[in-house]
Amino acid sequence: MQFGIFSVGDVTPDPTNGTVPTEHERIKAMVAIALKAEEMGLDVFATGEHHNPPFVPSSPTTFLGYVAARTKRLILSTATTLITTNDPVKIAEDYAYLQHLADGRVDLMMGRGNTGPVYPWFGKDIRDGIALAVENYALLHRLWREEVVDWEGKFRTPLQSFTATPRPLDGVPPFVWHGSIRSPQIAEQAAYYGDGFFHNNIFWPVEHTKRMIELYRRRYEHYGHGSADQAIVGLGGQVFMRRNSQDAVREFRPYFDNAPVYGHGPSLEEFTEQTPLTVGSPQQVIDRTMTFREHFGDYQRQLFLMDHAGLPLKTVLEQLDMLGEEVVPVLRREMAALRPAHVPDAPTHASLRAAASAASAASSAASSEVGA
Amino acid sequence: MNAPHENAPLRSTFTQGPRSRRSLVVVSAGLSQPSSTRLLADQLAAATRRRLDADAEAVDLRDRAHDLTNHLLTGFPAPELERVLDAVAHADGLIAVTPIFNASYSGLFKSFVDVLPEGTLADKPVLIAATGGTARHSLALEHAMRPLFAHLRAVVVPTAVFAAPEDWGGGATAHGPLAARIERAAAELAVEIERREPPVVPDPFDEPTPFSELLGGQST
């Protein structure tokens, strides 16, 4: 099972002292957090993509390329890549290029984006959100798998004899997750392709998340990719930890009460009860995360949101120490002990390359038998 | 005609009766306790149940006021509010009663309407009613409530019931003009419910649109 973190890349004032990081500071903080993820033995760092303040990560492959050069093991991913407003041709090229630089340590999570004004800035209409996600991904899927593509669709100019360049590393396209919180169509899309499905459950009650994941698993089996419990599932999570849970609550409360994403609605207590937010000791985070497996089945990727609500970088790095030292090693062990052998790991470049060469060896053996 | 027990306040818990029994949800946006809005709601429910074998669940929006604000901010309902939304979706009929504030339904009432999942009230029989500080506000039911429910594609019965202070005090009796309007509106609601099958609530997670349909003939 893979464990990692994701960052939205928001510039949020620290409510305890009013400090607002500059964009430069925030961008460098994201780099420091990604490097810390590798240092602490985490598997994945995923960056958000936004094109409006107060968010900084408008250029994910620039960021991930830089992190790739400074890390050795970390898988570089996105949370999410806007499949609606980005040109699928550019996504195909940018991420294939990143794959080469990162020696395959790349996957992506597709998302539609929920910020209405962003769509027209890129010549699109939010009312076409699902249709854009479907058409653009269908094209992206082909661009990575077919050398020469003739294509026409509704949302971009047609392509004639087009070759996306560079070709994916070793001819193996990056693994793709589809992220959606409440659109059954996206769970259906992920199932159709046999891609991963990521539910960013951080603001949602368990019952809702469960229904989306059950739908994806059922349809994954329907489309013949394996049994429902072999479908590739990822989940979010958000935590704030201190050795003593009372200290964690005391320190995090002003952040919770004032953050744009949390504040002025449910109380911290209601929110931690109704959503996966866990504010407490490392053991409480372990216990809470183990319940995800009970609710949603054995799953492949757990991404935590750690740099939220305007927490200063120093605090986030302390949180990552605890996550890497005390939480993730226990979760790895306990999740692995409970997982049946037939449940696969999340695909990586190495596993996909091995599967592709096994498939091509099998087909050349079959054709030489026919020839003999 | 009105035995006292029939106007007793409704029990607040929803129980699933046998299949033939119909269900009503009675939403009241009154703020004070006791509230004349709730009193009107109870009388409408009792009058409807005299004509229709139905369970009724009373929902006081006052009790869900925080949940409603939280739902607007977080995008998901707290467990108790979710149960209420679910009860509305599965109900055979809805009785909706709001105080009139500044010539329209109250903000709390509108917040509730705003968190109803899309399509919840489509083809659902609805009785609209209101209370107000003066009878001069009575047409707010026609210029504010009725268009709101028309927008939601509900089937709003022709008689809307407005109760002014003179309907409760000033020598008014339980057999006065308000009672006659309540009876007429309840009869209309009962007829609309009876001519319909119980609602079927579609579940997008049970029957996803197949991907071939989403693709609309595109190649993959």
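To find a chain, count down the sequence lines: A is the first, B the second, and so on, and within it residues start at 1.
By the 30° and 60° cut-offs, the orientation of the rings of A:Trp204 relative to B:Phe76 is tilted. Using bins of under 30°, 30° to 60° and over 60° for the plane-to-plane angle, the ring pair A:Tyr193/B:Phe211 lands in the perpendicular bin.
The most heavy-atom pairs under 4.5 Å with chain B, out of A:Glu188, A:Lys154, A:Glu135, come from A:Glu188. Between chain B and the options A:Val261, A:Thr275, A:Ile130, A:Val134, the largest number of non-hydrogen pairs under 4.5 Å is found for A:Val134. Comparing A:Met212, A:Arg145, A:Glu273, A:His264 by how many heavy-atom pairs each has under 4.5 Å with chain B, the most go to A:Met212.
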Could you walk me through whether B:Asn70 and A:Glu270 pass the side chain to side chain contact (heavy atoms under 4.5 Å, CB included) test, one step at a time?
CA-CA 10 Å; B:Asn70 290 346; A:Glu270 286 171 310; 3.8 Å; yes
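Only the side chain of A:Tyr223 comes within contact range of chain B, with heavy atoms under 4.5 Å apart. Only the side chain of A:Phe271 comes within contact range of chain B, judged by heavy atoms closer than 4.5 Å.
Crowding of A:Asn114 atom CG: a count of heavy atoms from other residues, nucleotides or ligands under 6.0 Å not exceeding 12. Shown here is A:Arg182, whose CZ atom has no more than 12 heavy atoms of other residues, nucleotides or ligands within 6.0 Å. Around the CD atom of A:Glu152, the shell of radius 6.0 Å holds no more than 12 heavy atoms that belong to other residues, nucleotides or ligands. When the shell of 6.0 Å around NE2 of B:His143 is examined, it contains more than 12 heavy atoms from other residues, nucleotides or ligands.
Pairing each heavy atom of A:Gly263 with each of B:Leu73, the nearest pair is O-CD1, 4.4 Å.
For the atom pair A:Tyr192 OH and B:Leu215 CG, the distance stands at 6.0 Å (nearest 0.5 Å). Between the CZ atom of A:Arg218 and the CZ atom of B:Phe205 there is a distance of 10.5 Å, given to the nearest 0.5 Å.
If you run side chain to side chain contact (heavy atoms under 4.5 Å, CB included) between B:Pro208 and each of A:Gln185, A:Gln189, A:His222, A:Arg219, only A:Arg219 comes through.
A:Glu214 places none of its side-chain heavy atoms less than 4.5 Å from the side chain of B:Asp206. Taking the side chain as every heavy atom from C-beta outward, A:Arg211 and B:Asp203 approach each other to under 4.5 Å.
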